[in-house]
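What follows is a set of notes on a single structure, which appears directly below.
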Amino acid sequence: MSGRRLLIDAGNSRLKWAVAEAGRWCDQGNNDYADLSGFTQRLTPGMDCVIASVARAEHERRLTALLEASGIVPRWLMAEAGFADVKNTYTDPRQLGVDRWMGLIAARQRTRSPVLVVSVGTAMTVDALTADGVFLGGLIVPGMPLMQQALRQGTARVAVQAGACRTFPRNTADAVQSGIVAALCGAIQQQYAHLAEAAAAPPHCLLTGGDAGEVLPHLKVSAEHVPALVLEGIDRVAGEGLSR
């Protein structure tokens, strides 16, 4: 059995991974599903492998085939009612996206203060965790690519092109980008205010996801960018044997 452990965050758009050995990460990266060659080069027969996936079924099937071809049998994580002192209060705890659950667990490792966990990806999630480790609930809103897609499909004369975020946009591309960023920031800032009121203290705010860097400079609240937050959560629970 290999002493290495492969941690996989299989998202909607990309595959993020890290290789842990002797209590530290010795390698990590991310790949588009269209080209997983960089990922497959890291596979070692018999290595432990833990996956948190919200990917489409075809991506999961391909990932499983690649792992099995290398003699690796993965464990698939899912959300639970609780982990350590983190409590999942979703009506159906297992309905919570496993990536969100891993992010909450990782956030709890980073701070014992109330914390807003934001993942800005294909969709954006904004989750609130109390100082006692209770997940209060969260939002799911379309992320940048879904908002752009909606504009392409729902409007006749708004061609979505690369634009910049500006206070007063003066062309369509900038207007689209500025509107999307404003909508995402607004959702984050509203939930930040709600959590601050509930906690009677300013919460921490952690941002992860592929488009976090597009949002972070425009937020009106203090926030920390943690690109590998979900992988941190996977690493935390990897030895606990949670599987589906």
Please set out all donor-acceptor pairs under 3.5 angstrom arising from side-chain atoms of residues 189-205, sequence neighbours excluded.
| from | atom 1 | to | atom 2 | distance (Å) |
| --- | --- | --- | --- | --- |
| Gln189 | OE1 | Lys220 | N | 2.8 |
| Tyr192 | OH | Pro203 | O | 3.3 |

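Atom CD of residue Gln153 and atom CD of residue Gln148 lie 12.0 Å apart, to the nearest 0.5 angstrom. Atom CG of Asp35 and atom OH of Tyr33 lie 13.5 Å apart (nearest 0.5 Å). In this structure, OG1 on Thr122 lies 4.5 Å from CG on Asn12, to the nearest 0.5 angstrom. Ile180 CD1 to Gln177 CD: the interatomic distance, rounded to the nearest 0.5 Å, is 5.5 Å.
In this structure, the side chain of Thr208 does not engage the main chain of Ser119 through any donor-acceptor pair within 3.5 Å. Looking at Asn171, its side chain does come within 3.5 Å of a backbone N or O of Asp174 through a donor-acceptor pair. Using a distance-only test at 3.5 Å, with no hydrogens or angles considered, a donor-acceptor pair links the side chain of Asn88 to the main chain of Glu80. Checked by atom type and distance alone, the side chain of Ser178 never pairs as donor or acceptor with a backbone atom of Ala175 at under 3.5 Å. A donor-acceptor contact shorter than 3.5 Å links the side chain of Ser53 to the backbone of Ala55. No donor-acceptor pair closer than 3.5 Å links the side chain of Arg108 to the backbone N or O of Leu129. No side-chain donor-acceptor contact under 3.5 Å links Thr125 to the backbone of Ile140. Looking at Arg75, its side chain does come within 3.5 Å of a backbone N or O of Ala238 through a donor-acceptor pair. Judged by distance alone, the side chain of Thr89 and the main-chain N or O of Phe135 form a donor-acceptor pair under 3.5 Å.
Using a 4.5 Å cut-off between side-chain heavy atoms of Ile, Leu, Val, Met, Phe, Trp and Tyr, with links allowed through other members, Val215 and Leu146 fall into different hydrophobic clusters. Leu184 and Val221 fall within a single hydrophobic cluster, where Ile, Leu, Val, Met, Phe, Trp and Tyr are joined by side-chain heavy atoms under 4.5 Å apart, directly or via other members. Hydrophobic clustering (side-chain heavy atoms under 4.5 Å, transitive across Ile, Leu, Val, Met, Phe, Trp, Tyr) groups Leu116 together with Val134. Cluster annotation: Leu139 and Ile188 are assigned to the same hydrophobic cluster (Ile/Leu/Val/Met/Phe/Trp/Tyr, side-chain heavy-atom contacts under 4.5 Å, transitive).
Using modelled atom types and a 3.5 Å distance limit, the side chains of Arg56 and His59 yield a donor-acceptor pair.
Proximity of Lys16 to Leu231: side-chain heavy atoms (C-beta onward) are separated by under 4.5 Å at one or more points. Contact check for Val115 versus Leu206: side-chain heavy atoms found under the 4.5 Å cut-off. Proximity of Trp101 to Leu77: side-chain heavy atoms (C-beta onward) are nowhere separated by under 4.5 Å. Residues Val117 and Leu229 are in side-chain contact: their nearest non-hydrogen atoms beyond the backbone lie under 4.5 Å apart. Using a 4.5 Å cut-off on side-chain heavy atoms (C-beta onward), Cys49 and Ile8 make contact. A 4.5 Å side-chain heavy-atom check between Pro145 and Met147 finds every atom pair outside the cut-off. Looking only at side-chain heavy atoms (C-beta outward), Met102 and Asp9 stay at 4.5 Å or farther from each other. Looking at heavy atoms from C-beta onward, Arg4 lies out of side-chain contact with Leu6 at the 4.5 angstrom threshold.
By the side chain to side chain donor-acceptor pair (under 3.5 Å) test, Arg61 pairs with no residue at all, sequence neighbours left out. Residues passing the salt bridge (Lys or Arg N to Asp or Glu O under 4.0 Å) test with Asp127, sequence neighbours excluded: Arg100.
Among all heavy-atom pairs drawn from Ile51 and Pro74, the shortest one is CD1-CB, 3.5 Å. Across every non-hydrogen atom of Asp99 and Val230, the tightest pair is O-CG2, 3.7 Å. Residues Ala223 and Leu207 come closest through the heavy atom pair CB-CD1, 4.0 Å. Residue Met47 comes nearest to Val19 through the heavy atom pair CE-CG1, 4.4 Å, listed as atom of the first residue, atom of the second, then distance. Here the shortest heavy-atom pairing between Glu214 and His218 reads O-CD2, 3.2 Å. Residue Pro93 comes nearest to Ala79 through the heavy atom pair O-CB, 3.3 Å, listed as atom of the first residue, atom of the second, then distance.
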Go through the steps for Arg62 and Leu36 under the test side chain to side chain contact (heavy atoms under 4.5 Å, CB included), then give the verdict. CA-CA 10 Å; Arg62 184 182 176 206; Leu36 295 178; 3.9 Å; yes
Given side chain to side chain contact (heavy atoms under 4.5 Å, CB included), test Glu232 with Val226 step by step and report yes or no. CA-CA 10 Å; Glu232 290 180 14; Val226 189; 3.7 Å; yes
Salt bridge (charged side-chain N to carboxylate O under 4.0 Å, His left out) between Asp132 and Lys87, worked out: CA-CA 9 Å; Asp132 296 328; Lys87 182 180 180 182; over 6 Å; no
Evaluate Met124 against Asp211 for side chain to side chain contact (heavy atoms under 4.5 Å, CB included), listing each step before the verdict. CA-CA 9 Å; Met124 184 180 78; Asp211 287 326; over 6 Å; no
Might you work through the side chain to side chain contact (heavy atoms under 4.5 Å, CB included) test for Gln109 and Arg236, ending with a clear yes or no? CA-CA 9 Å; Gln109 285 193 112; Arg236 173 73 176 86; 2.9 Å; yes
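Salt bridge status for Arg42 with Asp27: present, with a side-chain N to carboxylate O gap under 4.0 Å. Salt bridge absent: Asp235 and Arg24 never bring a charged side-chain N and a carboxylate O closer than 4.0 Å.
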